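Let me begin by presenting the structure, written as structure tokens, before commenting on it.
The structure presented is a predicted model; accordingly, all values stated were derived computationally and were not measured. Naming convention: chains lettered A, B, ... in sequence-line order (proteins, then strands); numbering from 1 in each chain.
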Amino acid sequence: LTINASGNIIKSMLRLFFSFFPVKIAHAHCDIPCGIYDPHNAQMAAHTVLRMTNLLKEAGSDTHKISRLAKVKEDHAELLKHEVTVLWADYFKDEHLKDFPNLHESVFKILKLASKTKQEIDSKNAEELVLKVQEFAEIFWKSKGRETIRVKSGYPTEGEIVLPK
Amino acid sequence: VILLQKFRVQGHSMEPILKDRSEVLISSIPYIFSKPRPGDIIAFWNFNKVFIKRVKKEKQGNYLVEGDNVIDTLRIGWITKKDIIGKVIFKL
């Protein structure tokens, strides 16, 4: 520090004087766990939305089954939006935009698509959501200097997931 | 220009020098005459919040900031000069 109070008396006087000043908060903490970010949950959520969409199309008139599938679809679309938003807001920084100028547009499209998959039972939208989240995952890993690979997810959707090499 | 602003530190990332709930005085006056230097403790805007960290590196007007307490610090990375509110000039 440029200046530091040398004696307790001086320091006490200064504290008293500045106690009349309004105080603002300066954050010196982190989101725990520190620096642990991963787009994997968003990808799993996207596949879940696709799976629920496909199952809803086959659900017939069983209202109990329909309501359960719809709830899971709703929940995972919302989870996906949360996961992507956290990465966008907390992980990505201004300097990433130089290398990934489409980042904001990518996030905007994902959030809009996720909302659309909640409103409708449309496999095309759900499939596009999976693809957009995969592209977002690739941006994320590239921003960390990691190459990526698309592998078979092993999920009933038979789609792929993006992993770091 | 901020002549003097009192801030309360919230969190542990600047320990041991700045403990949680300690208070500091911040001023932008020092940065009128010189640019922030590695080692300075600064307050700056990041995602609409004020953070307090130490400058680690300077590169072409961008500043790498980190907390002293490496096990409890948010990875903020590089910020620009316009984000900087001022320098910590006094620990109350």
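The neighbour count for A:Glu147 CD, taken as heavy atoms of other residues, nucleotides or ligands under 6.0 Å away, does not exceed 12. For NZ of A:Lys112, the number of neighbouring non-hydrogen atoms (other residues, nucleotides, ligands) closer than 6.0 Å is 12 at most.
Two different hydrophobic clusters hold A:Val84 and A:Met44 under the rule that ILVMFWY side chains link at heavy-atom gaps under 4.5 Å. By the rule that hydrophobic residues join a cluster once side-chain heavy atoms approach within less than 4.5 Å of another member, A:Phe21 and B:Phe90 end up as members of one cluster. A:Leu80 and A:Phe136 fall within a single hydrophobic cluster, where Ile, Leu, Val, Met, Phe, Trp and Tyr are joined by side-chain heavy atoms under 4.5 Å apart, directly or via other members. Hydrophobic clustering (ILVMFWY, side-chain heavy atoms < 4.5 Å, transitive): B:Ile41 and B:Val9 are in one cluster. Using a 4.5 Å cut-off between side-chain heavy atoms of Ile, Leu, Val, Met, Phe, Trp and Tyr, with links allowed through other members, B:Met14 and B:Trp45 fall into the same hydrophobic cluster.
When every heavy atom of A:Ile25 is checked against every heavy atom of B:Val50, the shortest pair comes out as O-CB, 3.7 Å. Considering every non-hydrogen atom in both A:Val23 and B:Glu23, the closest pair reads CG2-OE2, 4.0 Å. Considering every non-hydrogen atom in both B:Leu4 and A:Phe18, the closest pair reads CD2-CE2, 3.5 Å.
When heavy atoms are compared at a cutoff of 4.5 Å, B:Gln5 approaches chain A solely by way of its side chain, counted from C-beta outward. Heavy atoms of A:Phe92 lying under 4.5 Å from chain B belong exclusively to its backbone. Neither the backbone nor the side chain of B:Ile79 comes within less than 4.5 Å of any heavy atom in chain A.
For the atom pair CZ (B:Phe7) and NE2 (A:His27), the distance works out to 10.0 Å, reported to the nearest 0.5 Å. Put simply, NZ on A:Lys24 and CD1 on B:Ile26 are 10.5 Å apart, with the number rounded to the nearest 0.5 Å. Atom CH2 of residue B:Trp78 and atom CG of residue A:Asp94 lie 14.0 Å apart, to the nearest 0.5 angstrom.
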